[in-house]
Amino acid sequence: MARFALRVDAVLVQAVIAGALSFAHLHDLAAAAGQAGWKAWAYPISVDLLLVAAWRRLRSGGTKAAAWCWFVVALTASLGANVATAGLLDLAVVPAWLRILVAGWPAVAFLGGTLLVHGSPKPEETPGQGESTVPAASSAPELPAAEPVPAPPSTAAVPPALVPLARKVADEHRARTGTAIDTSTLRARLGVPLPLAEAIASQLA
């Protein structure tokens with residue numbers, strides 16, 4: 001337990017030292033680039049906040065492309081300040097391009113922080129998501145096919161006067177063709193509906 005506590009304390013101390021040095025380098029570079037007073041202290045805070053926002057997005061499980069992009073931007077600003085203040089840059093004569101970068105950093109940091117904090121990360125698909133929640137219906141037993149119901153016999157009322165006429169037509173048909181007249185022919189000869197012709201044919205049989 002003591003060894004674990006010592007290891008954790010060493011990591012925290014190392015993080016505090018690295019953060020303090022980077023904070024101081026960013027402050028010194030901003031001050032050398034013409035950002036005096038409280039503005040020089042705001043620059044390292046802005047860089048650290050962008051790093052934290054990018055790191056939180058990386059750990060959120062959402063889309064990581066934008067998070068990595070802004071993490072690299074903030075890390076480049078921090079490392080650049082460390083290298084620039086290590087004696088490779090004359091802080092008494094800061095080049096114009098560096099002054100432009102320092103002056104434009106607040107807008108860049110604001111844009112990156114807004115996109116990281118208020119952007120909507122892609123939600124992870126939960127197990128079973130997208131699958132239908134409607135339970136499958138149980139197969140119902142098949143019912144036997146209904147048997148066809150025979151058509152009821154024709155109940156059309158036959159006018160008495162049509163029976164002798166129909167018999168005459170039927171006799172003429174038999175004499176001419178040698179066969180009994182069928183219902184369709186009888187219907188056509190008499191000019192009556194099919195149910196009535198069927199009723200007349202049943203009386204002629």
Side-chain angles (χ1 to χ4, degrees), residues 1-140:
M1 181 64 69
R3 182 180 303 175
F4 177 75
L6 179 62
R7 183 176 60 184
V8 172
D9 292 342
V11 171
L12 290 177
V13 171
Q14 181 67 21
V16 171
I17 293 175
L21 291 175
S22 179
F23 195 93
H25 292 159
L26 284 167
H27 168 268
D28 294 345
L29 183 63
Q35 307 296 326
W38 65 269
K39 293 183 290 184
W41 292 108
Y43 275 84
I45 297 176
S46 174
V47 173
D48 290 345
L49 287 178
L50 186 59
L51 277 172
V52 171
W55 179 249
R56 287 177 60 88
R57 172 58 67 86
L58 288 174
R59 293 174 57 88
S60 67
T63 305
K64 293 182 172 57
W68 275 116
C69 176
W70 290 108
F71 184 83
V72 171
V73 170
L75 187 62
T76 301
S78 180
L79 291 177
N82 295 340
V83 173
T85 55
L88 300 180
L89 179 68
D90 185 3
L91 295 182
V93 184
V94 178
W97 61 266
L98 184 56
R99 292 178 180 271
I100 294 174
L101 288 179
V102 172
W105 172 257
V108 174
F110 177 77
L111 175 63
T114 301
L115 293 177
L116 289 172
V117 175
H118 298 288
S120 56
K122 181 180 179 180
E124 295 181 353
E125 186 174 357
T126 57
Q129 183 177 0
E131 299 179 358
S132 175
T133 57
V134 179
S138 58
S139 57

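At least one side-chain heavy atom of Val108 sits under 4.5 Å from a side-chain heavy atom of Trp70. Looking at heavy atoms from C-beta onward, Leu75 lies in side-chain contact with Phe71 at the 4.5 angstrom threshold. Under the 4.5 Å side-chain criterion, counting only non-hydrogen atoms from C-beta, Trp68 is not in contact with Val73.
Atom-to-atom distance recorded for Leu101:CG and Thr76:OG1 is 11.5 Å, nearest 0.5 angstrom. In this structure, OH in Tyr43 is found 9.0 Å from CH2 in Trp38, a value given to the nearest 0.5 Å. Rounding to the nearest 0.5 angstrom, the gap separating the OG atom in Ser78 from the CG atom in Leu50 is 11.0 Å. Leu26 contributes atom CG, which lies 11.0 Å from atom CH2 of Trp41 (distance to the nearest 0.5 angstrom).
Val47 and Ala74 get closest at one heavy-atom pair: CG1-O, 3.6 Å. The heavy-atom pair separating Ala40 from Pro44 by the smallest distance is O-CD, 3.1 Å.
The closest donor-acceptor contact from the side chain of Ser46 to the backbone of Ala42 lies at 3.5 Å or more, if one exists at all.
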